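Just so you know, these numbers come straight off a predicted model, no measurement behind them. What's counted below: heavy atoms across the whole structure, side chains too, no hydrogens, waters or symmetry copies.
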Amino acid sequence: MKQILIVDQLFDGEAFHQNMAVTVESGCVTSVDSAEALTDVEPNQITRLTGTLTPGFVDVQVNGGGGALFNADPSVECIETIGRAHARYGTTGFLPTLITDDVSVMAQAADAVAQAISQNKAGVLGVHFEGPHLSVPKKGVHPKQFIRQISEEELAIFSRQDLGIKVVTLAPENVSTEVIKTLVNAGVHVCLGHSNADYETVVAALDAGATGFTHLFNAMSALGSREPGMVGAALENQQAWCGLIVDGHHVHSAAAKIAINAKPRGKVMLVTDAMPPVGMSEDASFELFGTQVVRQGDRLNAPSGELAGCVLDMVGAVNNTVSMLGMGHDEAIRMGSLYPAQFLGIDQKNSHIAPIGYIQAGYKADFVLLDQNNQVSQTFINGRVVFAN
């Protein structure tokens with residue numbers, strides 16, 4: 001059925017336009033025109049929207065939301081709960097993220113993602129395995145008892161072809177360049193993180209096919225004048241993408257600005273690293289591998305003091321990028337929508353699925369309607385409203 005959305009303002013991924021009409025059929029955009037140019041349209045096909053319509057947000061690192069944690073319940077139902085929670089904040093595409101755990105839990109998570117994709121669950125693009133092949137000195141809240149060398153069993157999970165888009169975060173000092181090449185050949189987007197690797201080791205991993213860095217600055221060897229570390233290699237490389245947590249806790253605003261200025265435009269993307277309290281009450285806390293994680297305002301801490309993920313959501317990350325980093329709203333939206341889609345390789349019309357990141361003919365009808373305060377009024381996935389405030 002044809003649906004025409006007439007909106008006060010449209011951000012199509014490139015520029016803002018006023019009084020626009022977006023036509024949607026079968027979950028995809030078929031045309032974008034001035035509303036004044038509409039002719040011979042049935043009134044029941046038209047929906048008028050007040051606010052700014054933008055491309056939907058894409059989050060490549062989502063551990064939990066709505067009270068659910070993927071590690072604690074690696075099931076389709078958990079993925080659905082997480083997706084509903086984040087849709088409230090404009091996320092239309094996400095990767096359920098499993099942090100370091102037993103291989104049996106990894107297998108369950110892979111099965112759940114495969115089922116969610118086969119059942120066309122809203123917003124599920126694939127899976128992100130953050131670990132378990134990490135560095136103990138930079139483990140953060142990842143459980144030490146599960147950090148280990150990569151095995152054939154794990155390689156088989158990472159090589160599955162029914163998981164959609166696959167991202168694996170690893171520490172390159174603990175995974176050989178040969179294995180990185182094997183993962184890349186199996187269709188995995190290899191990210192580097194939770195690592196104490198030196199500069200040379202990181203560069204070798206990039207040469208082997210790694211293309212991203214997980215939550216830049218956090219849990220990785222720092223930039224020094226004589227030892228550039230992982231941060232230095234990430235900022236130097238012109239091709240690799242960097243995820244950035246803009247919550248005011250994980251990264252100082254000055255460091256975030258330095259990274260954005262150092263990287264080519266489009267190579268820094270927003271991530272939430274979200275945990276179960278997203279979408280829950282202010283006092284929501286949760287257990288992570290038997291340890292109570294406490295929420296204090298918009299900050300999550302383990303009893304030992306480490307930051308334990310985020311209560312950040314994508315519209316919050318976009319708005320923080322404007323207010324804390326001084327970025328234009330258009331570029332902040334791209335950092336939350338287009339650039340992660342480019343990292344995942346689903347921003348072009350020749351991708352194997354309907355592309356995302358723009359509101360243009362041929363693109364998936366994944367939108368966010370923002371009100372005058374740049375908060376989410378409605379979220380559309382495949383042209384259907386999945387959240388309305």
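- Following chains of ILVMFWY side-chain contacts shorter than 4.5 Å, one cannot reach Ile46 starting from Val24, and the two form parts of different hydrophobic clusters.
- Between Phe16 and Phe11, the ring planes are tilted. Angles from 30° to 60° get that label.
- With Glu173 contributing its side chain and Asn196 its backbone, the two residues share a donor-acceptor pair below 3.5 Å.
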### Message
As a quick check of understanding, evaluate side chain to side chain contact (heavy atoms under 4.5 Å, CB included) for Tyr89 and Val318, giving each step before the final call.
### Response
CA-CA 10 Å; Tyr89 307 103; Val318 168; over 6 Å; no

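- Val315 and Ile82 fall within the same hydrophobic cluster, where Ile, Leu, Val, Met, Phe, Trp and Tyr residues are linked whenever their side-chain heavy atoms come under 4.5 Å apart, directly or through other members.
- By the 4.0 Å N-to-carboxylate-O rule, Arg148 lies close enough to Glu154 to be salt-bridged with it.
- Using modelled atom types, one finds a donor on one side chain and an acceptor on the other under 3.5 Å when comparing Gln61 with Glu130.
- Applying side-chain contact (heavy atoms from CB on, under 4.5 Å) to Leu10 and the options Leu5, Val32, Asn19 leaves one that passes, Val32.
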#### Entry: Chi angles and distances behind the side chain to side chain contact (heavy atoms under 4.5 Å, CB included) call for Thr211, Gln239
CA-CA 7 Å; Thr211 55; Gln239 285 74 46; over 6 Å; no

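- Not one N or O on the side chain of Asp347 forms a donor-acceptor pair closer than 3.5 Å with the backbone of Leu338.
- Checking Asp101 against His142 by side-chain atom types alone, no donor-acceptor pair falls below 3.5 Å.
- The closest donor-acceptor contact from the side chain of Lys138 to the backbone of Ala171 lies at 3.5 Å or more, if one exists at all.
- In this structure, the side chain of Asn382 does not engage the main chain of Arg384 through any donor-acceptor pair within 3.5 Å.
- Remark: side-chain polar atoms of Lys349 are paired, donor with acceptor, to backbone N or O of Ala361 under 3.5 angstrom.
- With hydrogens and angles disregarded, a donor-acceptor distance shorter than 3.5 Å links the side chain of Lys263 to the backbone of Asn237.
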### Task
Could you walk me through whether Val29 and Gln360 pass side chain to side chain contact (heavy atoms under 4.5 Å, CB included), step by step?
CA-CA 6 Å; Val29 177; Gln360 296 179 3; 5.9 Å; no

